[in-house]
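Note that ligands are numbered from 1 as they come in the structure, with each ligand's atoms numbered from 1 the same way. By convention here, the first residue in the shown sequence is residue 1. Worth knowing before you read on, the calculation uses all heavy atoms, side chains too, and leaves out hydrogens, waters and symmetry mates.
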Amino acid sequence: QMKEAGANGYKEFNSEMSLHANHKVGLESDLRKAMEYQELFVHYQPKYQIESGDIIGAEALIRWKHNKKGFIPPNEFIPLAEESGLIVKLEKYVFTEVCKHIHRWNKAGKNIGRISINISIVTLLREDFITFIAEHLQKFKIDGSVIELEITERIVMKNELVVNQTLKKISELGISISMDDFGTGYSSLSYLHKLQVDCIKIDKSFIDQIEGNIEVVSAIISMAKNLKLEIIAEGVETEAQVKKLIQLGCDQAQGYYFSKPISMAKFEAIL
Ligand code: C2E
Ligand code: MG
Ligand code: MG
Ligand code: MG
């Protein structure tokens, strides 16, 4: 079939494919090296109690400063890392970094609230993941209650049973679970009460257009409350959004309006 497409068609198809593949392979091998060369680090975006303005924790977000290309956003390399399986090493790296930081804050007597870490399905379902977490809590003398794992609906829908078993084991370590980017998956809401989840993060897309999404956002908030789940709005950028969220009874928020993700040192300084 390829030959029938003619020499030209074949060539075009081929070079496009390999360009794409080359880019991916290049980035992937760079990512492997990035871990060795310490180009990866963790930033923190504070989370707030809206009305008091208190910091209640932060989300750990990975940053990659490529030696030639400069900063590469996570949305570009996380999917790649997921495909290649490199994500496991990367997320364990983030988890370890966060543990080191928490250990340091604990020693300094800082009240950090709860630090959340994004976890992909690949890592979540690794057999050794629970042991890995437990060992790190012990090694860095960390109480599980200061850690939260953020997972997405996508993860749950595909593997409800086995995911929930894993989430239960994680909860037994005192760690909380939050449902990230909530509302963007095609989930039926019915799974929420069956699932070991503590918190819902309303996706930025709803907050961006909050005036046009009042009914949906309001429904999500009251559902969360009925299920005794915590609720936080993500990607909050304006005062108008903050006011609306207060009106609707959402008491936690995260977003540029309050703070962008900042370095470990900066986060430490504002605690
Ligand atoms: P996410 O987990 O939903 O994280 C929130 C993203 O929204 C972050 O982007 C954050 O910087 C950005 N953000 C927060 N507030 C605002 C705002 O007010 N306005 C705008 N425009 N953006 C806001 P970031 O750091 O680029 O990360 C993007 C995604 O990459 C994350 O989305 C998460 O899915 C993934 N990611 C980042 N770090 C990790 C990691 O360590 N592991 C895994 N598996 N995924 C990660
Ligand atoms: Mg997240
Ligand atoms: Mg999110
Ligand atoms: Mg998001």
Side-chain angles (χ1 to χ4, degrees), residues 31 34-35 39-48 50 55 57-66 70-101 114-126 129 132-133 147-156 176-185 187 197-210 220 230-242 244-245 250 252-264 266-267:
L31 188 53
M35 291 192 225
E39 292 177 3
L40 298 177
F41 48 99
V42 178
H43 271 186
Y44 292 92
Q45 185 176 36
K47 297 183 184 182
Y48 294 80
I50 299 180
I55 292 177
E59 175 172 8
L61 293 159
I62 190 151
R63 294 291 176 260
W64 178 9
K65 193 169 183 221
H66 191 283
F71 282 100
I72 301 181
N75 286 333
E76 265 177 49
F77 65 88
I78 294 285
L80 214 63
E82 279 187 21
E83 275 174 43
S84 65
L86 215 56
I87 192 80
V88 178
K89 220 174 143 188
L90 193 145
E91 285 173 344
K92 284 182 172 175
Y93 172 80
V94 172
F95 194 92
T96 308
E97 285 298 293
V98 170
C99 286
K100 285 181 191 165
H101 296 161
R114 219 164 60 200
I115 307 294
S116 65
I117 303 168
N118 294 285
I119 296 294
S120 67
I121 179 89
V122 189
T123 305
L124 190 75
L125 297 185
R126 274 290 159 121
F129 187 53
F132 172 87
I133 298 177
I147 294 184
E148 173 181 323
L149 301 185
E150 297 193 6
I151 61 169
T152 63
E153 289 172 282
R154 207 162 43 100
I155 290 185
V156 180
S176 14
I177 309 288
S178 68
M179 195 57 75
D180 203 356
D181 306 335
F182 187 80
T184 58
S187 49
V197 168
D198 307 282
C199 178
I200 288 176
K201 301 189 77 177
I202 310 173
D203 190 64
K204 179 178 186 303
S205 55
F206 293 102
I207 308 302
D208 283 344
Q209 309 291 329
I210 196 163
I220 294 177
E230 283 182 51
I231 182 107
I232 183 165
E234 61 175 350
V236 178
E237 293 180 342
T238 68
E239 196 180 342
Q241 291 167 351
V242 173
K244 208 74 222 175
L245 287 166
C250 176
Q252 302 179 10
Q254 178 186 357
Y256 292 180
Y257 177 78
F258 298 94
S259 169
K260 288 198 167 182
I262 50 182
S263 69
M264 192 269 288
K266 278 194 186 143
F267 179 60

Just let me know how Arg63 lines up against ligand 1, side chain, backbone, both or neither, with a heavy-atom cut-off below 4.0 Å.
side chain

Using a 3.5 Å distance criterion without hydrogens, assess whether the side chain of Glu153 forms a donor-acceptor pair with backbone atoms of Phe182.
no

So the atoms of ligand 1 within less than 4.0 Å of a heavy atom of Gly235 turn out to be 15 (N), 16 (C), 17 (C), 18 (O)

Whether Lys92 engages the ring of Phe95 as a cation-pi pair (distance to the six-membered ring centre under 6.0 angstrom, angle to the ring normal within 45°) should be assessed.
no

Side chain to side chain contact (heavy atoms under 4.5 Å, CB included) involving Ser176 - partner list, sequence neighbours excluded:
Arg114, Glu148, Asp198

Provide the number and element of each atom of ligand 1 under 4.0 Å from a heavy atom of Pro261.
11 (O)

From Glu59, does some N, O or S atom reach closer than 2.8 Å to the Mg ion (ligand 2)?
yes

Would you check whether Glu59 reaches within less than 4.0 Å of ligand 1, judged by its heavy atoms?
yes

Is the closest heavy-atom distance from Lys260 to ligand 1 below 4.0 Å?
no

Metal site the Mg ion (ligand 3): N/O/S of Asp180 inside 2.8 Å
yes

Using only atom types and a distance under 3.5 Å, with no angle test, would you say the side chain of Glu150 pairs donor to acceptor with the backbone of Ser116?
no

What are the atoms of ligand 1, with element, lying closer than 4.0 Å to any heavy atom of Gly255?
15 (N), 18 (O)

For the 3.5 Å polar cut-off, considering only N or O atoms, please tell me whether Ile62 and ligand 1 meet it.
yes

Regarding Glu150, does it place an N, O or S atom less than 2.8 Å from the Mg ion (ligand 3)?
no

Rounded to the nearest 0.5 Å, how far apart are NZ of Lys65 and CZ of Phe41?
7.0 Å

Can you tell me if an N/O/S atom from Ser116 lies under 2.8 Å from the Mg ion (ligand 2)?
no

Considering the heavy atoms of Glu237, write down every atom of ligand 1 situated less than 4.0 Å from one of them.
17 (C), 18 (O), 19 (N), 20 (C), 21 (N)

Candidates Ile117, Thr123, Asn118; heavy atom nearest atom 33 (C) of ligand 1 found on Asn118

Atoms of ligand 1 under 4.0 Å from any heavy atom of Asn75, numbered from 1 in the order shown, are 28 (C), 29 (C), 30 (O)

For the ring pair His101 and Tyr44, is the centre-to-centre distance below 6.0 Å?
yes

Heavy-atom distances under 4.0 Å decide this one: backbone, side chain, both or neither, for Asp181 against ligand 1?
side chain

Answer side chain, backbone, both or neither: which part of His43 comes under 4.0 Å from ligand 1, heavy atoms only.
neither

Non-hydrogen atoms of Val42 and Ala60 that approach each other most closely
CG1-CB, 3.7 Å

What do you reckon, does Lys204 put a non-hydrogen atom under 4.0 Å from ligand 1?
yes

CD (Gln209) with more than 12 external heavy atoms under 6.0 Å
no

Could you tell me whether a side-chain N or O of Glu91 sits under 3.5 Å from a main-chain N or O of Ser120, the two making a donor and an acceptor?
yes

Under the criterion side-chain contact (heavy atoms from CB on, under 4.5 Å), which of Asp181, Ile177, Thr123 is the partner of Ile151?
Ile177

Between Gln241 and Thr238 (side chain of the first, backbone of the second, donor and acceptor by atom type, cut-off under 3.5 Å), is there such a pair?
yes

Atoms of ligand 1 close to Gln45 [distance to a heavy atom under 4.0 angstrom, numbered from 1]:
14 (C), 15 (N)

Angle class for the Tyr48/Phe258 ring planes (parallel below 30°, perpendicular above 60°, tilted otherwise)?
parallel

Please work out whether any backbone atom (N, CA, C, O) or any side-chain heavy atom from C-beta onward of Lys201 is under 4.0 Å from ligand 1, and answer side chain, backbone, both or neither.
neither

Give the atom name of whichever N/O/S atom in Asp181 sits closest to the Mg ion (ligand 3).
OD1

